[in-house]
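As a basis for the values below, the full set of heavy atoms in this structure was taken, side chains included, without hydrogen atoms, waters or symmetry mates. Just so it is clear, the model here is predicted, and its values are computed rather than measured. Below, chains carry the letters A, B, ... as their sequence lines are ordered, and counting in each starts from 1.
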Number of protein chains: 2
Amino acid sequence: MLSFERQQQILDILKEHKCVHVDFLCKKLFASGATIRRDLSEMHEKGLITRVRGGAALIEGTNQDAPLLVRSNENRAKKEYIAQLALRYVHDSATIFMDSSSTVTFLADKLEGFRDLSIVTNGIATMNSLNEYTTAKVFSSGGLIRNNSSFVGQIAMDSIYNFRADMFFFSCCGLSIEGGCTEADEDNAAIKKQMWKNAKKRILLCDSTKVNHDFFCKVCDIQDMDVILMDQPQDQSSIEDLIGTGIIVNK
Amino acid sequence: MLSFERQQQILDILKEHKCVHVDFLCKKLFASGATIRRDLSEMHEKGLITRVRGGAALIEGTNQDAPLLVRSNENRAKKEYIAQLALRYVHDSATIFMDSSSTVTFLADKLEGFRDLSIVTNGIATMNSLNEYTTAKVFSSGGLIRNNSSFVGQIAMDSIYNFRADMFFFSCCGLSIEGGCTEADEDNAAIKKQMWKNAKKRILLCDSTKVNHDFFCKVCDIQDMDVILMDQPQDQSSIEDLIGTGIIVNK
DNA sequence: TTATTATTGATTAAATTTGATTGATTTATT
DNA sequence: AATAAATCAATCAAATTTAATCAATAATAA
């Protein structure tokens with residue numbers, strides 16, 4: 001048996017039982033104690049397992065590529081719901097811009113079923129999700145890392161400039177009739193503007209907590225969006241005003 | 001049978017089983033062990049497969065467990081040691097290119113103590129490390145995600161093109177007097193070339209297992225590097241040849 | 001046709017992996 | 001604390017795998 005193969009099997013066995021004795025592995029894999037021990041210490045070197053006297057244990061934390069997956073748990077349910085709505089606009093072979101917002105990350109988690117997607121994003125969590133769960137061609141905008149969660153700056157702007165996409169999914173910090181769609185951070189706003197410019201269909205994912213708040217940097221006006229998806233039907237005047245402009249809300 | 005045909009079949013077989021023995025391939029393809037081995041080493045140099053003693057393993061995606069075992073091709077200690085050597089060349093306020101190799105990731109883990117670094121990398125693990133443990137300004141090249149570990153393609157090339165750095169830390173798949181510094185993957189080689197071009201001091205981190213192997217894509221010649229760091233003093237003629245060129249090895 | 005080049009399989013020496021043995025170290029039991 | 005049992009790391013010989021060499025064959029060009 002190849003040592004590669006054997007170590008693979010040790011990992012598999014460890015996934016079932018969370019820890020095993022050397023003897024057990026010997027019998028299971030028809031190898032001597034010396035061989036198993038050598039395997040275990042190699043695997044320990046590589047950081048794949050934890051070595052304990054008499055055997056080995058699965059390493060805690062399990063996932064090696066988790067570091068930058070920061071995700072806000074606030075309003076998880078709302079964001080989940082909105083992301084589900086957004087799925088209606090995705091189709092196979094679509095080319096897509098996605099911003100770095102946490103709401104859009106929820107959408108990224110739901111794209112597993114589509115084929116032949118090409119996606120450009122400046123979000124790190126979104127990038128990781130797409131890369132892990134989908135077969136999409138994932139382009140990271142690159143750039144300066146901001147807040148552990150997104151890429152911004154000239155590098156990011158330039159790379160986005162070179163793409164044209166069918167649709168742009170994004171979120172914002174604030175949304176109001178007069179102020180439009182606003183962001184707190186200038187650099188992130190610039191990124192969204194660039195994506196907006198190079199996309200055909202602009203789809204905003206906006207949970208209700210953001211309505212009627214204005215932030216420092218404007219991304220675009222209400223009329224500049226093709227679809228606005230929200231978690232609850234908007235009340236009174238504001239929703240009517242929106243519908244008046246021909247923007248689809250939760251439809 | 002043509003060698004191309006046979007190698008194609010080896011790939012097909014590998015897609016079913018994720019690793020195979022040389023013996024198995026011999027019987028299946030009616031070829032001698034020598035022939036199969038020649039095929040496997042060719043394919044390895046092109047980066048199509050991972051060679052393991054007794055057989056071969058699939059390298060590309062599909063199975064996420066396989067690359068894990070293959071990735072940091074063991075020798076954690078060697079890489080750790082080389083990274084430590086590399087520290088001597090880093091100084092506060094330096095501007096640095098770092099490639100996506102695992103050896104360079106070890107260096108990234110050691111940069112915590114420096115102030116005011118600006119670092120450009122196309123490596124995902126390196127990016128994560130830097131971002132988590134250092135106060136450096138970290139620029140990701142962005143681009144298409146390759147093998148879950150690096151950014152490649154035009155986007156990455158363009159963003160690197162726009163930086164000039166004091167130093168470039170990189171590794172390679174193979175290093176030899178005649179072949180120079182070589183890589184298995186064309187896209188990654190292109191990235192390294194671009195970083196090489198835009199950096200003043202070029203510092204190779206190369207563990208001894210890579211010496212006297214040539215891979216498919218050339219990055220640069222031996223003479224094109226300013227420093228080569230290895231885990232052990234190189235033996236026989238090779239080291240003398242290197243020193244003859246004025247390149248510093250392990251010094 | 002002949003000469004040249006490439007590919008293949010056999011042979012062999014070197015390198016690597018393996019399993020058994022040993023003594024040292026750690027853990028459990030009395 | 002002392003003893004027994006279990007586990008470990010180191011060592012070595014046997015088995016396996018590899019890389020290098022060379023002759024034979026096949027393919028190609030002159």
Inset, instruction - Nearest whole angstrom, please: distance from the C1' of C:dT8 to the CG of B:Leu29. - result: 14 Å

Legend entry - B:Thr95 side chain to B:Asp166 backbone, donor-acceptor under 3.5 Å: yes

Legend entry - Closest-nucleotide ordering on DNA chain D, the 5'-leading residue of B:His213 and A:Asp23: A:Asp23

Inset, instruction - Please answer whether the main-chain N or O of B:Gly55 pairs with a side-chain N or O of B:Arg51 as donor and acceptor at a distance below 3.5 Å. - result: yes

Legend entry - Any donor-acceptor pair under 3.5 Å from A:Asp158 side chain to A:Ile155 backbone: no

Legend entry - Under the side-chain hydrogen bond (donor to acceptor under 3.5 Å, both in side chains) test, residues paired with A:Asp116 that sit two or more places apart: A:Ser93

Inset, instruction - Decide yes or no for B:Tyr133 and B:Asp109: does some side-chain heavy atom of the first lie under 4.5 Å from some side-chain heavy atom of the second? - result: yes

Inset, instruction - Look at the side chain of B:Arg53 and decide which nucleotide, out of C:dT16, C:dT18, D:dC8, has an atom nearest to it. - result: C:dT16

Inset, instruction - Would you mind reading off the distance between B:Arg51 atom CZ and D:dT17 atom P, rounded to a whole angstrom? - result: 11 Å

Legend entry - Interatomic distance, A:Glu42 CD vs C:dT16 C1' [rounded to whole Å]: 12 Å

Legend entry - Atom-to-atom span, CZ of A:Phe24 to P of D:dA6 - whole angstrom: 19 Å

Inset, instruction - Grab the CG-P distance between A:Leu40 and C:dT18 for me, whole Å please. - result: 13 Å

Inset, instruction - Mind calculating the distance between CG (A:Asp39) and C1' (D:dA9) to the nearest angstrom? - result: 15 Å

Inset, instruction - Give the rounded distance in Å between these two atoms: CZ of A:Arg37 and C1' of D:dA10. - result: 12 Å

Inset, instruction - Verify, without hydrogens or angle tests, whether A:Arg164 (side chain) and A:Tyr161 (backbone) share a donor-acceptor contact under 3.5 angstrom. - result: yes

Inset, instruction - Report the distance from atom CG of B:Asn212 to atom P of D:dA19, rounded to the nearest whole Å. - result: 13 Å

Protein and nucleotides 9-11 of chain C: nitrogen or oxygen contacts under 3.5 angstrom:
{"unit_1": "C:dG9", "atom_1": "OP2", "unit_2": "B:Ser32", "atom_2": "N", "d": "3.2"}
{"unit_1": "C:dG9", "atom_1": "OP2", "unit_2": "B:Ser32", "atom_2": "OG", "d": "3.1"}
{"unit_1": "C:dG9", "atom_1": "OP2", "unit_2": "B:Thr35", "atom_2": "OG1", "d": "2.5"}
{"unit_1": "C:dG9", "atom_1": "N7", "unit_2": "B:Arg38", "atom_2": "NH2", "d": "2.7"}
{"unit_1": "C:dG9", "atom_1": "O6", "unit_2": "B:Arg38", "atom_2": "NH1", "d": "3.4"}

